[in-house]
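The structure appears below as structure tokens.
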Number of protein chains: 2
Amino acid sequence: MRQVPAKLAAKLYGAAELIAERGIGDAKIDEIAEAAGIPRATLYYYFTGKDEILAFLLHDMLDLVAGEVGTAVAGTGTARDRLKAVVGAQLSVMLENPAVCRALVGELGRASRLPDLAKALQMAFHEPVERLLEEGVEDGTLRKLDNPFAAALSVFGAVTVAGLTHAVAGLSSDPATVANEVCDVILGGLQTET
Amino acid sequence: MRQVPAKLAAKLYGAAELIAERGIGDAKIDEIAEAAGIPRATLYYYFTGKDEILAFLLHDMLDLVAGEVGTAVAGTGTARDRLKAVVGAQLSVMLENPAVCRALVGELGRASRLPDLAKALQMAFHEPVERLLEEGVEDGTLRKLDNPFAAALSVFGAVTVAGLTHAVAGLSSDPATVANEVCDVILGGLQTET
DNA sequence: GCCTATGCTGTACTGCAAGTACAAACTAGC
DNA sequence: GCTAGTTTGTACTTGCAGTACAGCATAGGC
């Protein structure tokens, strides 16, 4: 895969909706080319095929998530506050790029075939959250859990599915509201005081 | 789609691994036929194409989930206990059918294109959980939340992603352990007492 | 035991879309 | 205006999904 010029990358996003809607398998390369406003031959000049186009889009978005999440983690405040910020950051990116985000989830099941993608996801979200959980134990704002790895997984799931559902259904698309709803559950828990 | 005989359905599960691994788009119909031990022509006798084969497998598993979850919801005990049972039920089915489960998630992004699938998922998990949350408020074992719909979504996400990750990675595949980890987070929450 | 309806399977064919090849046109730096 | 790299149009090859259909198997009625 050649170095993709920024101008071309921007145009590619014009095809994200199509890919998300029909899946990479059912979207014809000619349609992608047309939707993006890029000649077919040019696509093949930069990418070896459809899959690589998809991989490029996904990677691009994950970089975005990783950046925002990184900023949130590095911010000031308690670990709990920063965890909230992380959730908000991920949801912001997701809801601002609903099409790419849908495409991403559509390929999640193939994660084992796309080790790069799985790793990028890990770096972008999972690892920072796990670290925050540890810091929260230290500063006393988060509860100590038996299995922080599993906890980070659950947090990731809750955030991702919430984001995806809103992205697909186009529900109340305010990231802040969604973030609050998710945080309410994962921070406060569902049960009454024991 | 013709009525599929049980014997044939059972054989089809032999191809689930292949489909999950390569995605329905990249799995050739001849390979599916071979993996399942069913002649190609017979597949086309029962199904109109690849997509229908996938849809059949997914629907089959969702029925399974719906059944188990239904049993768990209808059981005895507090709403909180039954919520735990629901989580356990979903994880059991997922970890017993990791391949189909991966295939399902691989097609989640297309949910908007497969309204049947989205609806089945809704019925199988989301709706029962939302109901349990209400009952929990009544019997005092679960906290009253601003937005039970969003909460059910988060629960679904946490459970599904945990199940999927274990299914894909083949981690500690004991459903009960995974269920405990997930429940610990979603019931108890992450934050310390305020 | 035969006959008929329906289920099942092998084989040959069609059509579509992915990907390739390549030459012509364009652009930028020198 | 020469050269190296980029961009695009067009024509071609190939592989797979899906179709058509004929022949074989099986079961149930008589």
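These figures come from a predicted structure and were not determined experimentally. So that the names make sense, note that chain A is the first sequence line, chain B the second, and so on, each numbered from 1. Side chains included, hydrogens not; waters and symmetry mates left out as well; all remaining heavy atoms used.
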Exercise. Quick one: the dot-bracket string of DNA chain D, using Watson-Crick and G-U wobble pairs with both distances under 3.5 Å, [ ] for crossing pairs and | for bases paired to another strand.
Key: ||||||||||||||||||||||||||||||
Could you go through nucleotides 11-16 of chain D and list every protein N or O atom that sits under 3.5 Å from one of its N or O atoms, giving the distance for each pair?
from, atom 1, to, atom 2, distance (Å)
D/dC16, OP1, B/K28, NZ, 2.7

Self-check item: B/N180-B/T177 side chain donor-acceptor pair, cut-off 3.5 Å
Solution: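 Short answer, no.
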Distance check needed: [N] [atom2] versus [X] [atom1], whole Å only.
X: A/Y44; N: C/dA18; atom1: OH; atom2: P; result: 6 Å
X: A/F47; N: C/dT20; atom1: CZ; atom2: P; result: 15 Å
X: A/D51; N: C/dG19; atom1: CG; atom2: C1'; result: 12 Å
X: A/Q3; N: D/dG5; atom1: CD; atom2: P; result: 16 Å
X: A/D26; N: C/dA18; atom1: CG; atom2: C1'; result: 14 Å
X: A/E34; N: C/dA17; atom1: CD; atom2: P; result: 13 Å
X: B/E52; N: D/dA17; atom1: CD; atom2: C1'; result: 14 Å

Quiz item: Roughly how far, to the nearest 0.5 Å, is CD of A/E127 from NZ of A/K119?
Solution: 12.0 Å
Quiz item: Atom CD1 of B/I38 and atom CD1 of B/I32: how far apart are they, to the nearest 0.5 Å?
Solution: 10.0 Å
Self-check item: Exercise: identify the closest heavy-atom pair between B/L58 and B/V100
Solution: CD2-O, 4.0 Å
Self-check item: Pairwise side-chain contact, A/Q90 with A/F156, heavy-atom cut-off 4.5 Å (strictly under)
Solution: yes
Under 3.5 Å, which N/O atoms of the protein pair with N/O atoms of nucleotides 4-7 of chain C?
from, atom 1, to, atom 2, distance (Å)
C/dG7, OP2, B/Y45, OH, 3.4

Exercise. Between B/T42 and A/A41, just flag the one whose closest nucleotide in DNA chain C comes earlier from the 5' side.
Key: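 That would be B/T42.
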Quiz item: Does a salt bridge link A/K84 with A/D184, judged by any charged N lying under 4.0 Å from a carboxylate O?
Solution: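 Answer for the salt bridge query: no.
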Quiz prompt | A/S92 (side chain) donor-acceptor with A/G88 (main chain) under 3.5 angstrom | solution = yes
Quiz item: Do the side chain of B/E130 and the main chain of B/H126 share a donor and acceptor less than 3.5 angstrom apart?
Solution: no
Exercise. Can you sort out the partners of A/E31 under side-chain hydrogen bond (donor to acceptor under 3.5 Å, both in side chains), two or more places apart, ordered by chain and number?
Key: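 For A/E31 the side-chain hydrogen bond (donor to acceptor under 3.5 Å, both in side chains) partners, ignoring immediate neighbours, are A/R22.
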Quiz item: Does anything in residues 56-71 of chain B pair up under salt bridge (charged side-chain N to carboxylate O under 4.0 Å, His left out), and if so which pairs, sequence neighbours excluded?
Solution: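 Listed once each, the pairs would be none.
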Quiz item: Among pairs that include at least one residue of residues 34-48 of chain B, which meet salt bridge (charged side-chain N to carboxylate O under 4.0 Å, His left out), considering only residues two or more places apart or in two chains?
Solution: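 For residues 34-48 of chain B: B/D30-B/R40.
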